[in-house]
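No experiment lies behind these values; they were computed from the predicted model shown. Computation of the quantities below employed the complete heavy-atom set of this structure, encompassing side-chain atoms and omitting hydrogens, waters and symmetry-equivalent molecules.
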Number of protein chains: 2
Amino acid sequence: MQKQIEKYRKKGMKLTPQRLAILEYLDGNTAHPTAEDIYRAVKKKHPTLSFATVYNTLQALVNMGEVMELTIDPERKHFDPDTTPHHHVICTRCGRIGDVFVDYSRRLELPEEVTRSFTVTSNHIDFYGVCKNCERKRRTK
Amino acid sequence: MQKQIEKYRKKGMKLTPQRLAILEYLDGNTAHPTAEDIYRAVKKKHPTLSFATVYNTLQALVNMGEVMELTIDPERKHFDPDTTPHHHVICTRCGRIGDVFVDYSRRLELPEEVTRSFTVTSNHIDFYGVCKNCERKRRTK
DNA sequence: TTCAAAAGTTGGAATCGTTCTAAACAGTCG
DNA sequence: CGACTGTTTAGAACGATTCCAACTTTTGAA
Ligand SMILES: [Mn+2]
Ligand SMILES: [Mn+2]
Ligand SMILES: [Zn+2]
Ligand SMILES: [Zn+2]
């Protein structure tokens, strides 16, 4: 976390208490929170926090390449502080999002009809299924 | 197209002129249109068409499993009348969406830490790149 | 054919996530 | 102490999508 702070300071980002709280909340967070998740959590320590600040900070972080925006949920954006390339598993019952740290690129050859019309440089896989939590619930029902 | 119409009639869907026009527009359409694309195109023949009808019809089709909703574009939903499982290529410059009809499932083994917490049943890959059109533009600039 | 129930259409209002705005604030430097 | 710069805030604005209530069409039974 200290490293993080240094990094942001070096990049010329002013570190306000609100931003620090947001950074702290995101640091190591693997839950893929939405702006509202962040807002609600950070508001506890900073009751005057506004949504604008959350969105502003997120945008700054995304521009700096420190946070990724996930287009996984049609209803709202999710944010991922882990910017190493990776994929996701989504529980179709509860929406829980998990990480998949495997690079499948070598195995994803594209047919010629595609490479003819696109120069592909990256990929992202969404796996869909049911999480153990939801599975357990279903059985006990 | 006639087959289509029969299919919908059998499923107990009322076939109004607006719906027929929407179905016709979607039939064989590989452009992954948005609700607005559909609205604009169909409005030419049915000037009184409302967005509500477009959304209602799309929802009915999605519920029937005849159309897929794509969560690829953070700004708006795209719709795909091709419901056979397949993947997509997205041009990061112009947003153009292409199809990739390859089943990679066999090659996408998941690490045990994932299978321990999720029962995965399907996957969808987004490939990102630049389409030839945009590439040409860039070079001539 | 006729007719009424059920389902669909419409324009506009409402909703919801996200972005924008203008005014108040805070830290920095002279 | 100002002036400067970037930040925070509340609330307005926005754009995609959903909802609503009144009206119209489709459909199938009589
Ligand atoms: Mn992740
Ligand atoms: Mn497609
Ligand atoms: Zn779940
Ligand atoms: Zn392009």
Side-chain angles (χ1 to χ4, degrees), chain A residues 5 8-25 32-64 66-80 95 97, chain B residues 5-26 32-64 66-80 95:
Chain A
I5 294 177
Y8 295 122
R9 193 162 271 138
K10 274 177 192 158
K11 291 208 186 188
M13 188 187 195
K14 274 197 190 167
L15 289 175
T16 65
Q18 293 89 336
R19 285 186 173 177
L20 285 172
I22 292 173
L23 288 172
E24 200 171 337
Y25 178 76
H32 307 89
T34 63
E36 193 181 358
D37 294 334
I38 298 168
Y39 175 74
R40 276 220 279 265
V42 175
K43 198 171 177 71
K44 286 176 190 162
K45 294 198 177 174
H46 295 275
T48 68
L49 182 73
S50 74
F51 258 108
T53 297
V54 174
Y55 280 110
N56 283 343
T57 304
L58 284 172
Q59 192 169 51
L61 292 171
V62 169
N63 290 342
M64 289 166 61
E66 297 298 331
V67 162
M68 278 196 313
E69 225 179 82
L70 302 185
T71 304
I72 273 186
D73 177 347
E75 311 306 323
R76 59 195 105 270
K77 289 177 186 166
H78 290 251
F79 296 88
D80 194 338
I97 301 172
Chain B
I5 294 178
E6 279 314 305
K7 181 168 59 183
Y8 294 121
R9 190 163 272 138
K10 272 176 192 160
K11 291 206 184 186
M13 187 188 196
K14 272 194 191 172
L15 290 176
T16 65
Q18 294 88 335
R19 285 188 170 177
L20 286 173
I22 292 173
L23 287 173
E24 199 171 339
Y25 177 75
L26 288 176
H32 306 90
T34 63
E36 194 182 357
D37 293 334
I38 298 168
Y39 174 73
R40 276 220 279 267
V42 176
K43 200 170 174 71
K44 287 176 191 162
K45 293 197 177 173
H46 294 274
T48 69
L49 182 73
S50 74
F51 259 108
T53 296
V54 173
Y55 280 111
N56 283 344
T57 303
L58 285 171
Q59 192 169 51
L61 292 172
V62 168
N63 291 342
M64 290 167 61
E66 296 297 332
V67 163
M68 279 196 313
E69 223 179 82
L70 301 185
T71 306
I72 272 185
D73 176 346
E75 310 307 323
R76 61 197 105 266
K77 290 177 185 165
H78 290 250
F79 296 88
D80 194 339

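Summarising the geometry of A/Glu69 relative to A/Phe79, their closest heavy-atom pair is CG-CE2, 3.6 Å, with the distance given to 0.1 Å.
Between the CZ atom of A/Phe79 and the C1' atom of C/dG17 there is a distance of 10 Å, given to the nearest Å. If you take CG of B/Asn63 and P of C/dG8, they are 12 Å apart, rounded to a whole angstrom. A/Ile38 has its CD1 atom 13 Å from the C1' atom of C/dT18, to the nearest Å. Atom-to-atom, CD of A/Glu69 to P of C/dT19 comes out at 7 Å; the value is rounded to the nearest Å. One interatomic measurement links the two molecules: OH of A/Tyr39 to C1' of C/dG17, which rounds to 14 Å at whole-angstrom precision. Going from atom CD1 of B/Ile22 over to atom P of C/dG8 covers 12 Å, rounded to whole Å. We find that NZ of B/Lys14 is positioned 7 Å from P of C/dA7, with the value rounded to whole Å. When rounded to the nearest whole Å, the span between CG of A/Asp37 and P of C/dG17 equals 11 Å.
The side chain of B/Arg76 approaches D/dG15 more closely than any other nucleotide in the set C/dT19, D/dG15, D/dT26. The listed nucleotides are D/dT27, D/dT5, D/dT18; the one nearest the side chain of B/Leu15 is D/dT27. Each of C/dG8, D/dT7, C/dT18 was ranked by its minimum atom distance to the side chain of A/Lys77; first place goes to C/dT18. Distances were taken from every side-chain heavy atom of A/Gln18 (C-beta onward) to each of D/dT9, D/dG6, C/dG8; the shortest belongs to D/dT9.
At least one donor-acceptor pair under 3.5 Å links the side chain of A/Arg19 to the backbone N or O of A/Lys14. Of the possible donor and acceptor atoms, one in the side chain of A/His78 sits under 3.5 Å from a partner among the backbone N and O of A/His32.
Listed by chain and number, the residues in a side chain to side chain contact (heavy atoms under 4.5 Å, CB included) with B/Gln59 are B/Asn63 (sequence neighbours excluded).
The residue among B/His78 and B/Pro17 whose nearest nucleotide of DNA chain D lies closer to the 5′ end is B/His78.
Here the CE-CG distance, from B/Met13 to B/Leu23, works out to 6.0 Å after rounding to the nearest 0.5 Å.
Using a 4.0 Å cut-off, no side-chain N or O of B/Arg19 falls inside it from OP1 or OP2 of D/dT26. An OP1 or OP2 oxygen of C/dT18 is reached within less than 4.0 angstrom by no side-chain nitrogen or oxygen of A/Gln59. Side-chain nitrogen and oxygen atoms of A/Thr48 include at least one within less than 4.0 Å of the OP1 or OP2 phosphate oxygen of D/dT9.
As judged by a 4.0 angstrom heavy-atom cut-off over every strand, B/Glu36 is placed among residues making no nucleic acid contact.
Put simply, the side chain of A/Val42 does not reach to within 4.5 Å of the side chain of A/Val54, judged on heavy atoms.
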*Please lay out, stage by stage, how A/Asn56 and A/Thr53 fare under the test side-chain hydrogen bond (donor to acceptor under 3.5 Å, both in side chains).*
CA-CA 5 Å; A/Asn56 283 343; A/Thr53 297; 5.3 Å; no
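Of the residues in residues 50-58 of chain B, those lying under 4.0 Å from DNA chain D by heavy-atom distance are B/Ala52, B/Tyr55.
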